[in-house]
Asker: 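Mind looking over this structure? Questions follow.
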Amino acid sequence: MIPLSWYLALSAVLFTIGVVGVIIKRNVISMFMCIELMLNAVNLTFVAFSSYFGDVTGQLFVFIVMTVAAAEAAVGLGIVIAIFRNRESLDVDDASVLRL
Amino acid sequence: MNLSFAIPLSAPDVNFRLLLPELILSVTGVVVMLVDAFTGRSQRRATATLSLAGLAATAWATLWLWPSAQGADTRAWGGMIVLDPMRLSFTLVFLIVAALTVLISAIWVEWEGLPAGEFHTLLLFATVGMMLMASGNDLVMIFLGLEILSIATYVMAGFRKNDLRSNESSLKYFILGSFSSAFLLYGIALVYGATAHEVSAQPQASGALAQHVILAGTTNISAIAERVNDGLYPPLLFAGAAMLMIGFGFKIASAPFHVWTPDVYEGAPTPVTAFMAAGPKAAGFAAFMRVFLLAFPFVAASGQMRSTGAQLHDAWLGALWILAVLTMTVGNVVALVQTNVKRMLAYSSIAHAGYALVGFVAAGAADSAHQTDAVAAVVFYLLAYAVMNLGAFAVVTLIARSGDRRTDIEDYRGIGFDSPALSLTLSLFLLSLLGVPLTAGFMGKVMVFSQALGEGYKWLVVIGVLNTAISVYYYLGLIVVMFFRERTTEWRAPRIPTTLAVVLVLTVAGVIYLGLFPGRVINAFRAVQPIAVSSLR
């Protein structure tokens, strides 16, 4: 049987890839996908623990996370469409009316 | 895979009474949405009135629950919803913020011709989310409340669809908001795993060896506190707590997690900025305080070793101390060089989160007897901040006109004597934000700083007071610009609409009342019997 720590390490790596992606990617859709990757890394952690403990609550949490992610995706893509209509670009470096 | 329910499946302890405020407001939100969908376009008045009525009914339910906050029946829904003074006092703050936002936004939706019903619905759902964040006693509930709040607020920030600034604000808020939610969620997952613990089952009668059984982790805050010391994986607990701190740090806009705040606050429509600076920040504090104060308390071990609970407590308290200092300093110092009023108020809101964090640190260090006082001081601070901040943004909304055109400090040159009503009230709010005696801001600062002093955080208080001194420059700077500079731009004093006049009267009264007679409010927040004469003065 694959030990628990392997799953945890894999999800930590996936989460880190997501974090790095959000920071270095310049396209809104890619950034959004990286956030989804972070959420799925969390789901993997939940499922790994849940299966290891033989406890179902962790898996229930995953369903909640997926629902929330879907709601977030709906709103997020709506925002992306609104910004694309006004600017015709999805590069975050172009989104600089407000200075950082 | 062999899965089983750790607890045998049983009907959850349904208790609608405990959830009454949230239920009333959710139903109101749905009703407002339906009214908007099935009637004509211009239903501004109807939906606003309905929203205000719903908020009033919710406030009534909250006050009705107040006396039972210390009774026996304070938990329901499988321990997910809790009834305590902290929840109720935060709920009142959220309701005040939402009601004032409805009033402030009335003139704005009219100018911009926006769909008011949708705006009111989103505002109500965001408020429900904030209330769930305060009432959730389970990380799942807090996460759901946070997402209900965040998703509604993302849309509100981008509500002016055709304005690039509003789009950009919404986009940045969305990306960084979901980024921080992912951190929070990872923290929850790690805490869930780390709080698993081993119990030895009863030895069998036949004399078999004691069996070790692994109990699954938990996301319930009370259960986490019980298991902090004997969790199976202490390092994961530390990592989880750190992730939770990052997630909440983003939500309350504390430095170094504040970079999104100025852009989002500047670009969002002004009434939405007012809401975001007061409401979600307070909700973030509600959840942040509940998780860290109640789930990771100081737990001494019985043995010789320093217990995990004590180490964790020290670690997060130290991190919070640094967070408080950074937040105050960054907010105030960067606010000095701003040329846009909304951006300046955004940095000021970061600084105020820092002052509230000072009270949070005090609450973390306090023993359970003093903890309620320190928590009440933080809630009072956030209430005072909400009132003065919403008042200030009400004036900024009116001066900005449609499309948020006049928000530069230059636009405020010399308007002081032409529209005294606006400039005098704005000056009062700025003085209160600064913390001049006899205002709400002063009382709030006195309370959080005195709590911190009581716990021996001298340096934190010294840094806080120095920061207040820095903030004199930019708050008074705006007042000077309004009254003592020559006007260079064309200016016609705007007529103050009725709704905004109501907001100004209410917030001015609030700032003065909280500044002069804080005793009743603070006693109610501590859930002792309200007394007529303030004991604090």
Asker: Among residues 2-10 of chain A, which residues come closer than 4.5 Å to chain B, judged by heavy atom distances?
Answerer: L4(A), L8(A)
Asker: Under the side-chain contact (heavy atoms from CB on, under 4.5 Å) rule, collect the residues that match up with A189(B), sequence neighbours excluded.
Answerer: V42(A), T45(A), F46(A)
Asker: Side chain from CB out, backbone as N, CA, C, O: work out which of these in I188(B) comes under 4.5 Å of a heavy atom of chain A, or both, or neither.
Answerer: both
Asker: What pair of heavy atoms forms the shortest contact from G193(B) to F53(A), and how long is it?
Answerer: O-CZ, 3.6 Å
Asker: Less than 3.5 Å apart, which donor and acceptor atoms pair up between the side chains of residues 67-86 of chain A and the rest of the protein, not counting sequence neighbours?
Answerer:
| unit_1 | atom_1 | unit_2 | atom_2 | d |
| --- | --- | --- | --- | --- |
| T67(A) | OG1 | F63(A) | O | 2.6 |
| N86(A) | ND2 | K161(B) | O | 2.9 |
| N86(A) | ND2 | N167(B) | OD1 | 2.4 |

Asker: Kindly compute the distance separating NZ (K25(A)) from CD1 (I175(B)), expressed to the nearest 0.5 Å.
Answerer: 13.0 Å
Asker: Parallel, tilted or perpendicular: which one describes the rings of F49(A) and Y192(B), with boundaries at 30° and 60°?
Answerer: perpendicular
Asker: What pairs with F238(B) under ring-ring contact (aromatic ring centres under 6.0 Å, His included), at least two apart in sequence or on another chain?
Answerer: none
Asker: Looking at chain A, which one of G158(B), S178(B), A239(B) has the largest number of heavy-atom pairs inside 4.5 Å, strictly under?
Answerer: S178(B)
Asker: Identify which part of I148(B) has an atom lying under 4.5 Å from any heavy atom of chain A, answering side chain, backbone, both or neither.
Answerer: neither
Asker: Kindly compute the distance separating CG (D138(B)) from CZ (F61(A)), expressed to the nearest 0.5 Å.
Answerer: 7.5 Å
Asker: Below 4.5 Å from any heavy atom of chain A, which atoms of Y233(B) appear? Answer side chain, backbone, both or neither.
Answerer: side chain
Asker: Do the non-hydrogen side-chain atoms of T219(B) and T57(A) ever get within less than 4.5 Å of each other?
Answerer: no
Asker: Pick one of side chain, backbone, both or neither for A48(A), based on which atoms fall under 4.5 Å of a heavy atom in chain B.
Answerer: neither
Asker: In terms of heavy-atom contacts, does OH of Y52(A) have more than 12 from other residues, nucleotides or ligands at under 6.0 Å?
Answerer: no
Asker: Atom CD1 of I23(A) and atom CZ of F179(B): how far apart are they, to the nearest 0.5 Å?
Answerer: 4.5 Å
